[in-house]
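One structure is given below, encoded as structure tokens.
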Amino acid sequence: MPKKPQRSTIVTRSSSASARLYLRSENDKLVLKIKTNEGTKRSLRQTNSRAKPKAPSKKNKRKIDAKKPKKPPTAFFYFLEDFRKGFQEQNPDVKSMRDVGKACGEKWKTMTYDEKVQYYDIATEKRAEFDRAMTEYNKKMESGEFDETDEESEFDE
């Protein structure tokens with residue numbers, strides 16, 4: 001059996017209360033390791049700083065175009081609007097939107113397709129209006145009718 005080379009350790013102390021360790025590795029290279037009292041504190045700080053870094057904030061956020069048409073709500077939101085009115089009348093003591101939302105969700109899940117059709121019809125009409133408005137908006141953007149200097153609004157008088 002071949003003999004394993006022994007590791008030799010030489011310890012020297014300095015005035016800063018640190019220990020220097022010279023270790024002889026298996027391939028006969030001398031390795032220096034320094035241990036200090038501060039080193040343990042520093043390593044704790046380093047491990048704490050290794051937490052997941054926050055995602056860099058996007059500095060170049062897109063500008064929100066006030067003239068761009070807004071997407072219409074879905075059929076569920078039209079149902080929610082109607083349900084909320086009836087639910088508030090039946091349960092005036094319930095003030096939490098969370099409870100109203102839960103009750104609405106449960107009711108929506110139990111409804112049949114025939115009951116939901118009226119809300120789907122409203123949603124498809126609004127979606128068609130939105131699509132027409134978007135095509136008109138896109139045409140105006142391509143032709144350059146909307147300029148940066150044009151600050152007209154329907155609320156201005």
Checklist line | Separation of Lys116 NZ from Asp121 CG (nearest 0.5 Å) | finding: 14.0 Å
Margin query: Closer than 4.0 angstrom, basic N to acidic O: yes or no for Glu136 and Lys140?
Written below: yes
Margin query: Can you classify the ring geometry of Trp108 versus Phe76 as parallel (below 30°), tilted (30 to 60°) or perpendicular (above 60°)?
Written below: perpendicular
Check: Are Met111 and Ile122 co-members of a hydrophobic cluster defined by side-chain heavy atoms under 4.5 Å apart?
Finding: yes
Next item on the list: To the nearest 0.5 Å, tell me how far Leu80 CG sits from Tyr119 OH.
Entry: 10.0 Å
Note to self: When you compare the side chain of Tyr137 with that of Met141, does any pair of heavy atoms fall below 4.5 Å?
What the structure shows: yes
Check: Which atom names give the shortest non-hydrogen contact between Val100 and Phe83, and what distance separates them?
Finding: O-CE2, 4.0 Å
Check: Roughly how far, to the nearest 0.5 Å, is CZ of Phe79 from NZ of Lys107?
Finding: 6.0 Å
Checklist line | Spatial distance of atom NZ (Lys71) from atom CG (Asp131) [nearest 0.5 Å] | finding: 10.0 Å
Note to self: With a 3.5 Å distance limit and no angle check, can you tell me whether Glu106 reaches the backbone of Ala103 through a side-chain donor-acceptor pair?
What the structure shows: no
Next item on the list: Work out which heavy atom in Ala123 is nearest to a heavy atom in Tyr78; give both atom names and the distance.
Entry: CA-CE1, 3.9 Å
Next item on the list: Determine whether more than 12 heavy atoms belonging to other residues, nucleotides or ligands lie under 6.0 Å from atom CZ of Phe77.
Entry: no
Check: Rounded to the nearest 0.5 Å, how far does OH of Tyr120 lie from OG1 of Thr74?
Finding: 8.5 Å
Next item on the list: Might you confirm whether atom NZ of Lys126 has over 12 heavy atoms from other residues, nucleotides or ligands at distances under 6.0 Å?
Entry: no
Notebook entry, point to check: What distance do Ser96 atom OG and Asn91 atom CG have between them, rounded to the nearest 0.5 Å?
Noted result: 12.0 Å
